[in-house]
Amino acid sequence: MSDFQLTRRDAIRGALAAGGLLMLPGCAAGGGGAKPSNAPSIGTSAEDYLRQTGKKLDVHSISLLAYSAPQAEAIHQLTKEFTDLTGIDVQWTALDEQSAANKAAVSLGSGSASYDVVHLTSALLPTYATRGWLADLDQLRQSNGTVPGWDTAAYGQGATDLLRSKNTLYAVPMFLGTQIFFYRTDVFEKNGITKPPSTFAELQDVCAKVHGKGISAIALRSAPSPSQLMFVWSAWLYAYGGSYYNGYQNGAYSGVALNSPAAVQSLDLYSTLLHKYAPTGATNWSVEDVTRAFTTGQVAMVQEGAVFGGTFNDPKGSQAAGKVGTFMLPSGPAGQFVPYNDHGWGIAKTSKQAAAAWLFVQWATLKVTLTAAAAGPVGFSTPPIADVYTSEAYKKKYGFDDFVPSVTKTIALANRGGITPLKGDPNYLPGSADWTRIGQSVSEQLGRAVTGQASAADAVKAAAAAMGA
Amino acid sequence: MSVLPQRGAPRSWQRVFLAPLFVVLIATTVVPVLYMLALSFGPREGQLSIGKLRGLQNYHDMLTSSAVWHALGLAAVFLVGALVVEVVLGVGTALLLDRLLPGNRVVRMLLLWPAVLPPIAVALVFKYLLQGDIGLVSYYMAKVGIHQAWLTEPVSAMAVIIAIDIWQYTPFVILLALAALTGISDDVREAAALDGAGQLAIARHVVLPMIKPALIAITMLRFIDAIQVFPTIYALTRGGPGNSTQLLTFFNYQTFFGQLEFGYGAAIAVLVVVFTIACVTLLLAWQRRAEAS
């Protein structure tokens with residue numbers, strides 16, 4: 001442990017002190033994000049900048065609310081470095097995602113400023129931004145400047161667009177939430193499957209081949225909520241040619257399009273796989289259930305967050321370790337799509353320590369910090385900076401099977417527009433302010449097909465009605 | 001001169017001593033209720049601070065929403081299912097224990113045990129017992145060829161939530177019923193026995209009518225507690241599968257925190273309170289009638 005800390009500290013300090021930290025190009029769709037005019041001079045090192053700014057601000061502490069998840073925990077473990085440099089203590093509160101979101105809503109909605117920095121998902125951002133709960137980061141950037149080397153261009157257009165509302169940046173990316181398929185190489189080998197499926201038809205064939213021989217073929221999120229069933233299934237919907245809406249323009253959606261043969265077909269396939277090839281009772285499963293099923297050796301395949309790569313291949317907690325293969329999501333008749341969102345650090349609009357919070361947010365999202373976080377012991381395998389994936393530290397930690405190419409190709413596909421059929425829409429799931437309400441109702445209706453309470457056609461029809469069709 | 005305190009208006013020094021109690025009561029009950037009421041007249045979405053009022057629109061939306069009525073219906077199913085079994089089983093067992101093990105303190109202590117367990121802990125234990133193929137119960141049932149998806153089929157998920165409530169609180173009902181039974185003197189039973197009544201007839205025609213007001217009070221206590229069921233649903237089903245276990249309180253939570261509809265959520269909270277008060281009023285009226293008869 002102490003060896004690791006020394007290496008990590010050296011890595012961060014060395015890289016920070018190198019000054020300038022010329023950022024490498026971001027993701028494929030990256031671009032934009034010109035350097036602010038008030039950036040410190042080239043000769044000022046990031047470490048010096050943090051030290052001087054910390055002293056100037058004279059803030060004793062800031063409070064932060066985060067999800068109890070690898071992406072936040074990995075940063076938490078490094079936060080002492082920030083405190084050492086700036087003298088700003090970070091009062092860290094970590095709760096499970098739902099509880100943290102509840103607490104954030106109460107804190108931000110009441111304007112109590114209990115937390116200066118909040119961890120949020122891109123799905124929640126439109127709601128938070130529309131209600132005026134978050135500080136305008138473009139403005140903070142203008143008035144407070146930036147840490148040398150920190151630039152939104154590093155994250156890629158796709159990642160930052162998800163955290164913008166009406167062209168204003170409200171959060172800085174700290175995690176990419178995309179999905180790939182994980183499979184058991186030994187099970188595939190035993191069943192004579194030499195190549196992972198590349199279409200949904202092949203996926204169904206593979207399920208039929210491996211199921212029932214001491215293992216279930218597949219597990220998928222099926223609990224009725226936008227972050228569970230809807231997050232996984234929507235890529236299938238798009239691949240079959242379906243969509244939630246007909247059009248997208250200037251942040252607004254038009255024409256409910258969900259009630260379509262493509263939606264029925266994809267939901268029917270999803271439900272069929274769960275009924276025929278998933279463990280008994282897998283029709284109300286959340287991410288915890290799906291990941292547990294894979295790590296306990298119950299299932300041969302899961303479509304899950306790439307962030308679980310480290311967890312699945314960790315011999316300490318996974319029976320699948322050493323036998324984990326990966327492949328990208330299969331293609332459907334309308335092409336290949338991937339689930340995609342990101343998480344970011346936002347700053348409460350009512351924060352009295354906004355400048356200090358802004359300093360922390362930049363430090364936490366520097367490439368060096370994220371590289372150290374990804375290489376650390378927590379297993380945070382999907383940072384939002386593309387360059388991290390090509391670093392030696394990353395390859396060393398996650399270089400099992402074809403995990404790294406699966407992740408980078410998935411991100412590249414996302415950046416090419418493979419997250420939604422709607423042109424110009426940066427969101428995987430509709431990014432309207434009322435989606436938190438609509439999405440829940442739609443999920444519940446879709447869930448009725450998964451549980452067998454309704455046919456796929458009836459569920460899709462009811463879901464479209466919940467959207468106002 | 002009596003040393004007992006005299007009835008009547010409290011003196012000024014007594015008011016001073018009572019003041020902290022009223023301040024705490026007002027701060028913890030009256031203020032939140034007023035805040036919730038004010039919020040319910042505000043915008044459907046928006047802020048948690050009281051701002052622009054929207055009149056009765058949230059109430060109109062709520063009363064015309066099929067989802068709210070569905071949640072209320074599920075709450076009614078749960079309440080009827082849980083309370084009927086708890087009271088019938090609890091009172092029946094109490095009658096037996098009262099005859100077989102009268103005044104046994106160990107039994108009474110054991111009976112209290114499930115009721116004092118935190119509901120979230122109970123729910124998590126049941127989750128690991130019943131979940132999919134890996135739950136302990138599910139695993140061994142699967143070994144003998146029974147594949148029952150307890151938590152992921154609408155009917156069985158609701159049945160499990162009711163069963164957990166019954167498991168946890170029937171002993172509490174037994175305990176309260178035993179306490180009520182201590183108020184019946186043996187002379188009454190003996191008199192009935194002398195008149196030729198059997199044990200069943202004594203229980204049905206003598207004992208139960210005598211403790212009826214107490215039984216209604218027990219039902220009321222259980223109702224007030226059961227209507228608030230939340231941790232069990234949160235830990236076990238999150239309202240699913242579909243929305244089949246989205247009882248009124250969980251629906252309220254989803255609306256408020258999941259969909260961030262603060263005004264609408266507050267209106268539903270008012271509905272929960274009104275529904276509870278209405279049912280309690282009915283039970284109190286029934287109790288008064290039972291006492292009078």
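Chain A is the first sequence line, chain B the second, and so forth, proteins listed ahead of strands; every chain is numbered from 1. As the structure is a prediction and not an experimental result, all values here were calculated from the model.
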Side chain to side chain contact (heavy atoms under 4.5 Å, CB included) evaluation trace for B/Gln246 with A/Glu444: CA-CA 10 Å; B/Gln246 209 171 70; A/Glu444 284 170 12; 2.9 Å; yes
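- A 6.0 Å sphere centred on NE2 of B/His60 holds no more than 12 heavy atoms belonging to other residues, nucleotides or ligands.
- Residue contact with chain A, scored on non-hydrogen atoms closer than 4.5 Å, involves the backbone and the side chain of B/Pro241 alike.
- Residue pairs that meet the salt bridge (charged side-chain N to carboxylate O under 4.0 Å, His left out) test with at least one member in residues 142-165 of chain B, sequence neighbours left out, are B/Asp165-B/Arg222.
- By the side-chain contact (heavy atoms from CB on, under 4.5 Å) test, B/Pro43 is found to be paired with no residue, residues two or more places apart in sequence or in another chain being considered.
- Using a 4.5 Å cut-off between heavy atoms, A/Trp133 contacts chain B through its side chain alone, with no backbone atom that close.
- With a 4.5 angstrom heavy-atom cutoff, A/Val450 does not touch chain B via any of its atoms.
- Contacts with chain A (heavy atom to heavy atom, under 4.5 Å) involve no residue of residues 61-68 of chain B.
- Residue B/Tyr35 places its OH atom among more than 12 non-hydrogen atoms of other residues, nucleotides or ligands, all under 6.0 Å distant.
- Both the backbone and the side chain of A/Thr283 come within contact range of chain B, each with at least one heavy atom under 4.5 Å from a heavy atom of that chain.
- When side chains are defined from C-beta on, B/Arg238 counts as touching A/Gln98, because their heavy atoms get closer than 4.5 Å.
- In this structure, the side chains of B/Leu151 and A/Asn284 stay at 4.5 Å or more apart for every pair of heavy atoms.
- Annotation for B/Trp69: atom CH2 does not count as buried by contact number, only 12 or fewer foreign heavy atoms lying within 6.0 Å.
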Derivation and outcome, side chain to side chain contact (heavy atoms under 4.5 Å, CB included), residues B/Ser244 and A/Gln453: CA-CA 10 Å; B/Ser244 56; A/Gln453 290 170 277; 4.2 Å; yes
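- Contact of A/Ala223 with chain B is not made at all, since no heavy-atom distance falls under 4.5 Å.
- Looking at B/Glu45, the atoms closer than 4.5 Å to chain A (heavy atoms on both sides) sit in the backbone and in the side chain alike.
- Contact residues of residues 251-264 of chain B toward chain A are B/Tyr253, B/Gln254, B/Phe257, B/Gly258, B/Gln259, B/Leu260, B/Glu261, B/Phe262 (heavy-atom distance under 4.5 Å).
- Ranked by non-hydrogen atom pairs under 4.5 Å with chain B, the options A/Val106, A/Ile438, A/Thr127 are led by A/Val106.
- Of the inter-residue distances, the one linking A/Asp434 atom CG with B/Arg44 atom CZ reads 10.5 Å to the nearest 0.5 angstrom.
- Rounding to the nearest 0.5 Å places OG of A/Ser443 at 11.5 Å from CG of B/Asn243.
- For B/Ser156, no part lies under 4.5 angstrom from a heavy atom of chain A.
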